[in-house]
Amino acid sequence: MDSVGPLGLQQGDGAPGCPQEALPCPSNSPELVQECLRQFKVTGAQLRQIQASLLGSMEQALSGQANPAPTVRMLPTYVGSVPHGTEQGDFVVLELGAIGASLRVLWVTLMGTKGHRMEPQSREFVIPQEVMVGPGQQLFDFAARCLSEFLDAFPVGNQGLQLGFSFSFPCHQTGLDKSTLISWTKGFRCSGVEGQDVVQLLRDAIQRQGAYSIDVVAVVNDAVGTMMGCEPGAGPCEVGLVVDTGTNACYMEEARHVAVLDEDRGRVCISVEWGSFSDDGALGPVLTTFDHALDHESLNPGAQRFEKMIGGLYLGELVRLVLAHLAQRGVLFGGCTSPALLSRGGILPEHVAEMEDPSAGAARVHTILQDLGLRPRASDTELVRHVCAAVCTRAAQLCAAALAAVLSRLQRSREQETLQIAVATGGRVFERHPRFLSILQETVMLLAPRCDVSFIPSVDGGGRGVAMVTAVAARLAAHRRLLEETLAPFRLTREQLAAVQAQMREAMARGLRGEASSLRMLPTYVRATPDGSERGDFLALDLGGTNFRVLLVRVATGGVQISSQIYSIPECVAQGSGQQGILLTWTKGFNASDCEGQDVVCLLREAIRRRQATELNVVAIVNDTVGTMMSCGYEDPRCEVGLIVGTGTNACYMEELRNVASVAGDSGHMCINMEWGAFGDDGSLGMLSTNFDASVDQASINPGKQRFEKMISGMYLGEIVRHVLLHLTSLGVLFRGQPTQRLQTRDIFKTKFLSEIESDSLALRQVRAILEALGLPLTSDDALMVLEVCQAVSQRAAQLCGAGVAAVVEKIRENRGLEELTVSVGVDGTLYKMHPHFSSLVAATVQELAPRCAVTFLQSEDGSGKGAALVTAVACRLAQMTHV
Ligand code: ADP
């Protein structure tokens, strides 16, 4: 072993003791002492530089920039929300790495909002040195043994226990219960653990131990535990700061700023891991010869340089190195040293705390030094105190600079000029050094003047916080199971969708043959889709809900031009009778294509003749589905299907005339209006119908009718979601189980909210805003569940719609005896067009269920008016052809 350390100190088994003749204090002693103490002085400018450099490093790590490697890690912890306060139950907490060479087991009972706080019961086990640096399995087996020894004192029986694992080392977390150790710190160095999932190692050890049934629910570090266990004051506590053996902090960051998460919703707790911060530019000028010596002698030279200036494990060491230096120069202890003074770990952090404490008398300092085998003189005690104070002051100031960097980061991420924030503090350095917190506070005020920071001491050393995280995780897991159970009936399998397709095919065939079927398969007398040769001016009339539009449609070589005039329908006309019937029947009359339709045309002809305005020839009436198909057909001759997904849903397609029993003729085609909204009204969709569908149906104006439409279209999706939300509230999964009056209101949840909520560009915060505007105040967890409900409901709608389209295109393909069919579908309807995922889900389902059809979806523009004109144009073209 080297007998001379990097500072020229004699070490270990060197030759401690006194010089042959006790040297008198050299004359330069005050200067030597001043020299040492000066090294530990940090200027305001240096602190600011550390703050700025750390902030830069934090932001670099958040943005995922790898070059140059950021010096802090900024590890996401998968803790997404601070506690509700409603958490309750019994939890076991195992702490490793939070308190030096000890392991702590706690039994924590959370009482929810009502109960008073119960003191946790805990026990500390000292980890033998050989276990701290031995094989990893030995450490985890030791932990499992401590656990069961602790639990033996509780009446646990066969009861399953939920455990929160507080593991305070730098880890890559990939889930709340999955965490890979990056590197040991704080004097631990067990083999075979780095790169492994420590939760799994603990689970395995518990299993090997075999005494208790323990579920490891969550893993967190002490900083997160400190933050989460904080008694909520005026506002939530969103920063955790720990100075114990080592030092670290965590805070709540906006998830969208964390590049590795690829998540734009909510917040996530980030473990800064500032112990590893080491920027040569900022930290270099502050590092003393003693820091270098300490690093050199440590288990992890070159690593955790910042932590080695702040953490409690190192404060004792720094003081020891300074005192040994001064003793060897003859400035202290009459030039005498002792084995304790010359060996690593000889001065403990608690010694430093006691000697530094202004309230401790000189006699106490004297005793401590004597216990260390030294022979202090009266003047020595004061000098030793100065050394302790200098080392601790620097630690508190550096810690403040780092905390100020976190606060600046919060200000930026929240886009707030001023910040009001609570910081939970934990660790024995806070407990032992009363001056530490006051220096920290003072310095933070200087470095972050725009932050109003309150410091709140942690409860139960963070154990309560770990239990809290575990409770939240356990609650979320239970809620997730209930959510999954609730949504399961909406998640249709491929087989179920194929069955819908097959049933649809059946019903189509029966309807065409004129047999009993929920699909009426109405002939529309439209015999062809546009071929592009149509020319002429056509007038179309379109009756909407409140408006009546007259369109002049010019079909020319250059394409289709539409000029339209909108007339609002006078109340007296809307409420009256007589000619008014003409208009109503004209747009809604597609249900009765044959005689009733003829009547409408006659009436319209007569009405026009009465006006004697122009020479007009009324050729056709069209429904919106047909209009959509025809208007898209003008652009794409392969468009032979029309689809509407708006308030309601319907489809039409070109069928072989020979298959249409109700119309004479064996050759040619005819567009069939399927009226598919009624599909399933014979009960055939019963297997898919959920309780929520039944509730929506029961409350509708036409119970038992339009069953397919009620699972798909805009009029109903919002209502289905509302019923699911009511159910989840009754299970306690949403709104903390408190039923809200608003949610009981019919139609309060509009289908357009599904589009807004499911929009990819929205952060969960905005989802909350949408729901809050509705009078539904939610937590982030609630908002995420509402999103999932919306997704399940709209996905089922789109998939059912896709199964229907698949049935249609497959029928066309088979009708024509084709191996492969290329076909287009003209689509209209606000739900289809505005929902962010509906159209792609429909397309994906069709591709899955009708793989031999290449289907293109075309969105129609102004389908009804243009379509009506085109129906007319095609009819004219066909008529001319017959003439010729
Ligand atoms: P209609 O089908 O009555 O002719 P639309 O095609 O415009 O008319 O459909 C209107 C329906 O679309 C509304 O009843 C509503 O349920 C739904 N809707 C409106 N806005 C949106 C939106 N942004 N996203 C999804 N659905 C919407």
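Ligands are counted one by one from 1 in listed order, and the atoms in each one are counted from 1 as well. These numbers come from a predicted model, not from an experiment.
Around the CD atom of Q741, the shell of radius 6.0 Å holds no more than 12 heavy atoms that belong to other residues, nucleotides or ligands. By the neighbour-count criterion of 12 heavy atoms within 6.0 Å, atom CD of Q847 is sparsely surrounded, having that number or fewer from other residues, nucleotides or ligands.
One finds a salt bridge joining R510 and E506 here, because a Lys/Arg side-chain nitrogen approaches an Asp/Glu carboxylate oxygen to under 4.0 Å.
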Checklist line | Verdict with supporting geometry, E485 and R480, salt bridge (charged side-chain N to carboxylate O under 4.0 Å, His left out) | finding: CA-CA 8 Å; E485 273 167 30; R480 178 136 294 279; over 6 Å; no
Item checked: salt bridge (charged side-chain N to carboxylate O under 4.0 Å, His left out) between E254 and R267, intermediate numbers included -> CA-CA 4 Å; E254 306 295 319; R267 286 181 182 165; 2.9 Å; yes
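For E758 and H835, the side-chain atoms include at least one donor-acceptor pair closer than 3.5 Å.
The residues lining ligand 1, counting any heavy atom closer than 4.0 Å, are G646, T647, G714, M715, T751, K752, S755, G829, T830, L831, M834.
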